[in-house]
Amino acid sequence: MKKVAFLFLLFALLFVSCSSDNDDVAKVDNPFDPASELADSVLRNKIVVISDLHLGNDLAYSENVKHLNRLNQFLNEVRASSTIKELVIAGDMFDEWYIPSRTNTYENKSQSDFILKTVASNKAIFDVLNGIINDKKIKVTYIPGNHDMGFTPASIDLAMPGVNQARDKDHNELGTYYPDNYPEIAIEHGHRYDFFSGLTPNGADPNANGTTFAPGYFFARIAANSFVNPIAIENRTRVPNVVLNDKNDPEQVSKYVYYKLWKQVLDSVIYVNDNFDDKIITTNVDHFTKTYSINDVLPYNDADGKIQMNMYNGLFTQAAWNARMVVNGARVATQIDSAIIGSLKTQYIDNQSDVQYFHCPGRQRVRVVVFGHTHIPKMTAYKNTIDSACVYANTGTWEDRKTRNKSDVIEQDSINMNFVVITPKKTNHKVLNIKLYKYLYGAHSVLDSKDVYLSSIPIDY
């Protein structure tokens, strides 16, 4: 009898101990679930948006290495949250663009092999993402960006089985996502409006059929080489001089604008000391099969003094740009030179939230637009054509701060790592709060916050 009583007492002590431990865990606030929000009944209503993770295939040259631990921590907070309804990854999650120029991207293997290697290189990240998907409590949506627009839906599903993929009906390489029950919120990567990044069907090499990658693909290949194989800037290869001889020819002017942008970045941003005539850019992706030189991409003056290019030569009329905008699903045509310059001066991309949505006929219902792509987090208030308040947010990036000096000590924990949270008010789901955050030293630091009242247009839920 004493033995039975002792066992009963021991069991009771263990039960109390376990209960106490669980209570202690419950008392630790999840940053997404502050105690003030859990005072009433818990409601899953938050939409979390991140983008530009740039998870590399090989950590030797990936743009995201130092931030992987914080990203893992952040995603585990998402997974543990009781208030998050959706997690949206708004493009450039994977990366087949930022690859050193001499590297054979798929290593003579398949796209599936490339994806599986990316998953293996970033195992902790994909473990938690697939855990979120398998938990079936939070809807996870993937949207293509320019750095991962070449991946098929099947390849993405190989990495994240069961993930929701937001892709345009006519072009799988693009996508816009409208969260469940909120057609007023449009989320996309934003690259479709970018001259250097939008879809460019058969526009690159006249002898390469079926290609879609824009000039930015070659920019990224050169950029990767610039940082993986660093040189002193004074040792860089100089961009050959090009002259605009006919200022009255709009096509020649646009080609010269394009040349000036390339000259600026190759002289001061992604400089290399390669011979520009050497065939060093190995492709074998997106129906490209050749190895190209840097001069293949750069403008030059022909014997008649006209500006020409070996690649992308037919893109530089307003009519050609209008046609590309249609292919990319843009509702409003923009001016070609503004689009070329806007690839570097990215306020142009941000402004497309207003041009393509808030002031676009037939899109007055959209009141919140979220882009990635520019890597610059920001939030801007707009008014639409019927004077309703609107908000644009850019999700920034999770990539590391790059350096060419391998001995540099960079305090990465305060750099980048941005996200957006959209929360309907509990008392009125037609009032949305949009917050822009930095994941600062592993804590949620608010950079900006704005509210939007949706009642101007009737909504059926």
Side-chain angles (χ1 to χ4, degrees), residues 32 37 43-51 83-91 139 141 143 164 166-169 174-193 328-332 334 346-374 376-396 418-437 446-461:
F32 286 109
E37 292 187 16
L43 175 66
R44 286 193 181 274
N45 61 356
K46 291 188 173 84
I47 301 163
V48 177
V49 189
I50 56 176
S51 76
T83 61
I84 294 175
K85 176 186 177 185
E86 300 200 39
L87 172 65
V88 183
I89 305 167
K139 181 180 180 180
T141 297
I143 304 169
N164 180 51
R167 295 178 180 267
D168 286 2
K169 182 179 179 181
L174 304 163
T176 301
Y177 180 61
Y178 300 87
D180 292 345
N181 300 319
Y182 280 99
E184 304 89 352
I185 303 171
I187 305 170
E188 62 167 295
H189 188 62
H191 65 293
R192 70 174 84 224
Y193 314 111
N328 278 276
R331 297 288 187 92
V332 180
T334 59
T346 56
Q347 182 61 47
Y348 161 85
I349 303 294
D350 297 318
N351 288 344
Q352 296 310 302
S353 61
D354 189 39
V355 173
Q356 306 291 339
Y357 287 95
F358 306 140
H359 274 83
C360 178
R363 276 187 161 176
Q364 291 92 342
R365 192 173 196 180
V366 175
R367 305 285 298 285
V368 178
V369 171
V370 182
F371 289 169
H373 187 52
T374 70
I376 302 172
K378 64 168 56 180
M379 189 179 291
T380 307
Y382 288 96
K383 290 288 185 75
N384 65 11
T385 55
I386 56 175
D387 207 38
S388 300
C390 303
V391 170
Y392 164 71
N394 192 293
T395 51
N418 307 108
F419 60 101
V420 169
V421 179
I422 304 171
T423 308
K425 298 283 186 180
K426 278 190 176 183
T427 55
N428 185 352
H429 63 207
K430 292 182 180 179
V431 179
L432 301 180
N433 173 253
I434 302 96
K435 281 189 172 69
L436 174 65
Y437 290 88
V446 178
L447 301 181
D448 205 343
S449 176
K450 298 186 189 302
D451 289 345
V452 170
Y453 184 43
L454 301 176
S455 67
S456 300
I457 300 174
I459 304 168
D460 294 324
Y461 289 100

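Please read these numbers as outputs of a predicted model, since none were measured by experiment.
If you check the side chains of Q364 and Y357, you find no donor sitting under 3.5 Å from an acceptor. Side-chain N/O atoms of N45 and T423 include no donor and acceptor closer than 3.5 Å. Looking at E188 and Y193, their side chains do bring a donor and an acceptor atom within 3.5 Å of each other. Donor-acceptor pairing under 3.5 Å is lacking for the side chains of N418 and T395. Side chain to side chain, S388 and Y453 fail the donor-acceptor criterion of an N or O pair below 3.5 Å.
Here the closest non-hydrogen pair linking S51 and G396 is OG-O, 3.6 Å. Closest heavy-atom contact between V366 and F358: O-CD2, 3.5 Å. Across I434 and A393, no two heavy atoms sit closer than the pair CG2-CB, 4.4 Å. The minimum heavy-atom distance between N164 and K139, with the atom names listed, is ND2-CE, 3.6 Å. In this structure, D168 and R192 approach most closely via the heavy-atom pair OD2-NH1, 2.8 Å.
To the nearest 0.5 Å, the span separating CG on L174 from CZ on R167 amounts to 9.5 Å. Taken from CZ in R367 to OH in Y182, the straight-line distance is 12.5 Å, to the nearest 0.5 Å. Interatomic distance, K430 NZ to L454 CG, rounded to the nearest 0.5 Å: 8.5 Å. From K46, atom NZ reaches atom CG of N433 across 9.5 Å, with rounding to the nearest 0.5 Å. Here SG of C390 is found 8.5 Å from NE2 of H359. Values are rounded to the nearest 0.5 Å. Residue Y392 holds its OH atom at 11.5 Å from CG of D354, rounded to the nearest 0.5 Å.
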Taking only distance into account, with no hydrogens and no angle test, what donor-acceptor pairs under 3.5 Å do side-chain atoms of residues 376-383 form with protein atoms, sequence neighbours excluded?
from, atom 1, to, atom 2, distance (Å)
K378, NZ, Q347, OE1, 2.7
K378, NZ, D350, OD2, 3.1

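Side chains of P179 and I187 form a contact here, defined as non-hydrogen atoms less than 4.5 Å apart.
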>> Does H373 form a side-chain contact (heavy atoms from CB on, under 4.5 Å) with T346? I'd like the steps, not just the answer.
In response: CA-CA 9 Å; H373 187 52; T346 56; over 6 Å; no
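Without hydrogens or angle criteria, E86 side chain to D180 main chain gives a donor-acceptor distance under 3.5 Å. Looking only at distances, a side-chain donor or acceptor of N384 sits under 3.5 Å from a matching main-chain atom of I386. Under the 3.5 Å distance criterion, the side-chain polar atoms of H189 are matched with a main-chain donor or acceptor of A90.
Aromatic ring orientation, Y437 versus F419: parallel (interplanar angle below 30°, classes split at 30° and 60°).
Qualifying salt bridge (charged side-chain N to carboxylate O under 4.0 Å, His left out) partners for K85, counting only residues two or more places apart in sequence or in other chains: none.
For the pairing with V368, the side chain to side chain contact (heavy atoms under 4.5 Å, CB included) check across I185, V420, I47 returns one residue only, I185.
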